[in-house]
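Heads up: the structure comes next, in structure tokens.
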There are 2 protein chains.
Amino acid sequence: MEEIRDTNKKPSEPVPRRVRISDLAQALGLTKSTVSRALNNYSDISPETRERVARVAAEMGYAPMPYAQAVRTGRVRALGLVLELDAPDRYGPFLTDFLGGITQEASLEGWTLTIASSNSREEMEDTVTRLLQEHKVDGFILPRTQVVDPRVKFLQAKHVPFVLFGRTGHGQPDPGLSWYDVDGEGAMRAAVARLAGFGHRRIAFAGSHASYNFALLRRDGYREGLEEAGLPFDPALEVMEISDRSEGAQAARDLLDLPNPPTAIVYSTDATALGAYDVARERGLTIGRDLSIISYDGIPEGRMVDPPLTTFAVDSQHAGARLASLLIAQLRGAPPGELTELVAAQLEPGGSDGPPVDP
Amino acid sequence: MEEIRDTNKKPSEPVPRRVRISDLAQALGLTKSTVSRALNNYSDISPETRERVARVAAEMGYAPMPYAQAVRTGRVRALGLVLELDAPDRYGPFLTDFLGGITQEASLEGWTLTIASSNSREEMEDTVTRLLQEHKVDGFILPRTQVVDPRVKFLQAKHVPFVLFGRTGHGQPDPGLSWYDVDGEGAMRAAVARLAGFGHRRIAFAGSHASYNFALLRRDGYREGLEEAGLPFDPALEVMEISDRSEGAQAARDLLDLPNPPTAIVYSTDATALGAYDVARERGLTIGRDLSIISYDGIPEGRMVDPPLTTFAVDSQHAGARLASLLIAQLRGAPPGELTELVAAQLEPGGSDGPPVDP
DNA sequence: CGGCTTTACGAAATCGGTTTCGTTAACCTA
DNA sequence: TAGGTTAACGAAACCGATTTCGTAAAGCCG
């Protein structure tokens with residue numbers, strides 16, 4: 001028979017034959033069905049046998065082949081992550097930490113991470129569909145939640161478990177969903193409180209695209225912070241839709257050109273806050289004295305500018321780890337709605353904020 | 001129009017039962033063995049049958065379940081990537097593009113990417129071993145090759161296919177290996193030529209850790225560039241082991257403090273080159289006039305500094321795509337040693353280099 | 001036209017597990 | 001002590017594919 005297909009395996013076999021469940025069974029003098037049930041903690045196996053099987057399995061270095069298991073169980077112990085290549089900031093420098101967190105945690109539980117990418121929402125749906133159809137993953141981690149996230153409905157319709165990095169629904173998180181989020185609202189509130197404590201009375205806010213849930217929450221935090229500090233809310237001091245450094249710079253220019261300019265700006269992200277440094281240089285202002293800046297994210301770049309950026313840092317690695325953990329719990333049967341987690345961002349004081357100079 | 005009720009009364013039909021090969025066989029009036037061979041292009045199937053099977057398979061939306069295939073074939077159509085979390089620069093901003101390239105290309109061929117991470121070499125070996133033992137991947141992509149890369153021997157001993165991002169062995173690439181690399185040597189040579197063309201006679205080099213292969217190659221390129229330009233090689237102008245911005249800055253200070261300082265510095269990486277900007281600011285020098293800088297990588301940050309950094313940019317997305325393609329080819333039977341690819345870095349002129357000022 | 005290849009397909013084994021269904025012997029009951 | 005449970009395991013079906021092997025019909029040859 002002529003083969004036009006892929007070539008077969010290599011000729012030399014120094015590869016130590018892997019131990020299968022039947023080998024284990026033979027060594028134990030049991031059948032593979034008994035061994036399988038023992039390993040999977042079935043109740044009709046005596047404790048002594050169970051223990052003996054576990055011990056010999058460890059001795060022989062037996063590890064079940066997930067794919068063979070999957071044929072029967074339909075579960076492959078793999079988490080899925082779809083990177084959105086069209087995201088405004090390309091995930092910045094967080095991706096390494098985030099992926100590290102997911103994979104390290106997943107690895108502890110014997111799971112792996114399968115990733116795919118998309119350039120658009122359509123492509124994302126195709127990709128997810130393919131991964132599911134091929135049974136390559138059991139559930140998904142969704143980064144970058146939007147206020148109304150199309151992925152949520154899409155996956156719910158397919159009855160696929162998933163966890164969100166970030167809540168949805170703005171004020172009212174959608175019930176029944178699993179999510180992990182960092183309290184950006186609280187961070188922005190604390191930022192305003194800190195500036196107000198320094199004596200600032202005109203504090204501006206430069207936010208991100210309002211389609212993202214975090215953007216709205218951080219804006220909320222800013223407004224709440226003003227209220228708690230007893231400061232008036234001035235719409236002119238709040239700008240949104242700022243997504244990169246140059247837009248952050250332009251926002252600073254616009255704010256400083258106001259008749260009654262702010263003495264401090266709270267930025268929604270570090271990347272945009274760096275734009276304020278450019279403007280300060282243009283205009284000969286000293287950051288931390290003539291203009292105070294506080295932002296959010298904790299990118300490494302923020303520690304290298306002069307003065308270092310005061311920011312509320314997010315632990316991406318922890319986020320990844322917890323998301324993996326939540327998803328695995330859900331895949332093991334935990335009710336999704338009970339798997340939610342909100343953590344605080346950590347203030348990293350730099351030199352970019354301080355008391356305002358008296359005019 | 002008949003209304004199809006979609007109440008929650010009947011949750012028993014969430015997913016439209018997937019099409020199995022036996023369903024296909026039944027619909028075709030053939031056995032599944034015939035269908036399987038038809039789909040896999042066996043030569044003992046008549047062309048008409050083969051065509052008919054393919055057509056009906058498409059109509060019915062049949063897609064084989066990779067895991068079920070894997071039980072028999074041992075191949076799961078998954079590429080593996082182990083991120084090294086202890087890498088000096090954490091992959092910087094390239095990771096998104098790189099992963100995007102891999103996954104997009106792999107997706108076209110019906111493959112997926114499984115990633116894991118490690119904090120040390122030992123952990124890396126454990127992780128790889130686990131992925132292989134569990135048959136979760138068919139081969140690996142190894143980023144960041146070192147001159148003598150322990151991963152190469154490790155994987156070769158296990159007879160696992162892999163491709164390298166970067167060559168090994170410095171001058172003499174190890175034969176029989178698959179790799180993709182960007183010609184850093186040529187880029188550095190071109191950088192020196194460009195500077196010499198501007199009239200620079202004292203051109204320094206700030207390189208990376210010599211344990212990495214790319215570091216040695218780029219240094220070679222620098223030296224070759226000098227020779228081609230007819231400039232003498234001065235050991236005092238060549239510093240190595242520079243790995244971040246602050247070290248890049250210190251290198252610039254040391255070089256500028258020499259009795260006979262350079263008028264231009266070629267940096268091995270953009271991240272370190274940015275340190276020169278800090279030093280220029282400290283000393284009131286103008287980059288591009290008082291001191292010319294050329295580097296390598298093409299990080300976005302380089303385009304935002306003033307003046308923009310002249311650099312040789314690497315297309316990480318293309319790298320990922322090609323690596324995926326090479327690995328898949330190898331897994332399909334192509335001889336590893338013939339799968340090598342060297343591409344040129346692309347010059348992105350900024351304002352950081354120009355003619356030297358006459359003393 | 002009888003014997004020998006091919007051609008093209010079916011039947012069954014196989015991969016490495018999981019799960020259902022018996023089955024045996026010991027253990028309770030009444 | 002007979003009859004019914006229960007505990008603990010074996011036998012076999014099963015998951016969804018691939019692959020080996022067998023075989024009927026058609027084609028070839030002298």
Which part of the nucleic acid does T49(A) contact within heavy-atom distance under 4.0 Å: base, sugar-phosphate only, or nothing? sugar-phosphate
Looking at R77(A) and D138(A), does any basic side-chain N land under 4.0 Å from a carboxylate oxygen? no
Does dA17(D) have OP1 or OP2 under 4.0 Å away from a side-chain N or O of Y62(B)? yes
Please determine whether a side-chain nitrogen of the Lys or Arg among E109(B) and R332(B) lies less than 4.0 Å from a carboxylate oxygen of the Asp or Glu. yes
As a test of reading the structure: which of dG16(C), dT18(D), dG16(D) is closest to the side chain of S36(B), going by heavy atoms? dT18(D)
Send over the distance from Y42(B) OH to dA17(D) P, rounded to a whole Å. 15 Å
Check this for me: does any side-chain nitrogen of one of R130(A) and E123(A) sit under 4.0 Å from a carboxylate oxygen of the other? no
Using whole Å, report how far CG of D23(B) lies from P of dA17(D). 9 Å
Between P of dG16(C) and CZ of R20(A), the distance in whole Å: 5 Å
Rounded to whole Å, how long is the line connecting atom CZ of R75(B) with atom P of dC15(C)? 18 Å
Side-chain contact test, heavy atoms from C-beta onward, threshold under 4.5 Å: evaluate it for V53(B) versus I45(B) and give yes or no. no
For DNA chain D, determine which residues of residues 24-35 of chain B have any heavy atom closer than 4.0 angstrom to one of its atoms, and list them numerically. K32(B), S33(B)
Apply ring-ring contact (aromatic ring centres under 6.0 Å, His included) to residues Y67(B) and Y67(A) and explain how you reach the verdict. CA-CA 5 Å; Y67(B) 294 171; Y67(A) 293 170; 4.2 Å; yes
Distance below 4.0 Å between R72(B) side-chain N/O and dA17(D) OP1 or OP2: no
Considering only heavy atoms from C-beta outward, does the side chain of I141(B) approach that of V82(B) to under 4.5 Å? no
Of the options dT19(D), dC9(D), dG17(C), whose atoms approach the side-chain atoms of S46(A) most closely? dC9(D)
Using a cut-off of 6.0 Å, state whether more than 12 heavy atoms not belonging to E59(B) lie near its atom CD. yes
Within the structure shown, what part of the strands sits under 4.0 Å from Y67(A) by heavy-atom distance: base, sugar-phosphate, or nothing? nothing
Value in whole Å for how far the P atom of dC15(C) lies from CE of M65(A): 11 Å
Dump every N/O contact between nucleotides 21-26 of chain D and the protein below 3.5 Å, one line per pair.
none

More than 12 heavy atoms of other groups within 6.0 Å of E51(B) CD: yes
P64(B) side chain: which of dC9(C), dA17(D), dG16(C) is closest? dA17(D)
Given atom CD of Q133(B) and atom C1' of dG16(C), what is their separation to the nearest angstrom? 14 Å
Atom pair distance, as rounded to whole Å: CG in L39(A) and P in dG16(C): 16 Å
Taking the basic N atoms (NZ, or NE/NH1/NH2) and the acidic carboxylate oxygens, is any pair closer than 4.0 Å for R121(B) and E125(B)? yes
Would you check if there is a donor-acceptor pair between the side chains of K136(B) and T112(A) at a distance under 3.5 Å? yes
Rounding to a whole Å, what distance do you find between I21(B):CD1 and dC15(C):P? 18 Å
